[in-house]
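Worksheet for the structure shown next.
Every heavy atom of this structure was used, including side-chain atoms; hydrogens, water molecules and symmetry mates were not.
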Amino acid sequence: MVSLGYYEKNDLISAVKFLRDRKTSYIAVYGYSQGGVTAILSGDSLKGVKCIISEVAFDKLENAIDNRFRKYFLYPGAWGLYL
C-alpha cells in the first residue's frame, strides 16, 4: 500500500534503527519525490542521522495528486474525488 510517505516513514525509521543497532557511525538519508517526503515526515524520529537530503518532494498532497491527474489523465486532480 502506498500512503505517499505517511506509513512509509515507519519503514525508514526501522531501517535507521537497524543501522544504529549495528553501530554504524555515519547515517545519512536521501529521498527523491515520495522518498523525500518520507524523509521529511520521519525527520524528528531519525535518531543518529547526520543529514537528510530531500529532492523533488511535493509541498502539499493536493498538489501531488493534481499534478499526477493532469499528467496521466489530462484532468484536474480535484476530479479524482468523483471518479
Side-chain angles (χ1 to χ4, degrees):
M1 180 172 87
V2 176
S3 66
L4 299 173
Y6 184 76
Y7 291 115
E8 290 83 359
K9 69 183 179 183
N10 296 326
D11 296 330
L12 179 56
I13 292 166
S14 294
V16 168
K17 182 181 181 319
F18 175 85
L19 293 171
R20 275 196 342 260
D21 290 348
R22 278 143 189 82
K23 309 295 186 230
T24 304
S25 299
Y26 298 99
I27 302 170
V29 172
Y30 171 77
Y32 183 88
S33 189
Q34 179 183 319
V37 173
T38 301
I40 291 169
L41 290 174
S42 306
D44 51 340
S45 299
L46 297 176
K47 308 298 183 230
V49 170
K50 301 293 183 186
C51 76
I52 295 174
I53 301 167
S54 175
E55 290 192 89
V56 196
F58 51 84
D59 57 347
K60 294 190 306 185
L61 182 57
E62 293 85 2
N63 291 341
I65 292 171
D66 186 58
N67 288 338
R68 298 308 183 283
F69 264 78
R70 288 177 190 277
K71 180 177 180 178
Y72 296 110
F73 304 119
L74 306 178
Y75 293 108
W79 290 21
L81 299 173
Y82 304 106
L83 295 178

Working to the nearest 0.5 Å, report the span between CZ of F58 and CD1 of I40.
-> 9.0 Å
Please check if Y32 and V29 belong to a single hydrophobic cluster, counting links between Ile, Leu, Val, Met, Phe, Trp and Tyr side chain heavy atoms closer than 4.5 Å.
-> no
Rounded distance [0.5 Å steps], CZ in F18 versus CD1 in I27 = 11.0 Å
Look only at the side chain of E55 and the backbone of G36, and say whether a donor-acceptor pair between them is shorter than 3.5 Å.
-> no
Report yes or no: do L19 and L12 belong to one cluster of Ile/Leu/Val/Met/Phe/Trp/Tyr joined by side chain heavy-atom distances under 4.5 Å?
-> yes
Should we count OH of Y30 as having more than 12 external heavy atoms under 6.0 Å?
-> yes
Output all residues satisfying salt bridge (charged side-chain N to carboxylate O under 4.0 Å, His left out) with R20, sequence neighbours left out; order by chain, then residue number.
-> none
Does the side chain of D66 come within less than 4.5 Å of P76's, by heavy atoms?
-> yes
Between atom CG of N10 and atom OG1 of T38, what is the distance when rounded to the nearest 0.5 Å?
-> 10.0 Å
Quiz item: cation-pi between K9 and Y6, 6.0 Å / 45° | yes
Considering non-hydrogen atoms only, spot the tightest contact between K50 and S25 and give its length.
-> CE-O, 3.9 Å
Shortest non-hydrogen pair, A39 vs I52, comes out as CB-CG2, 3.6 Å
With sequence neighbours excluded, what pairs up with D44 under the salt bridge (charged side-chain N to carboxylate O under 4.0 Å, His left out) test?
-> none
Using the rule that two of Ile, Leu, Val, Met, Phe, Trp, Tyr join whenever any of their side-chain heavy atoms come within less than 4.5 Å, decide whether I13 and V49 are in one cluster.
-> yes
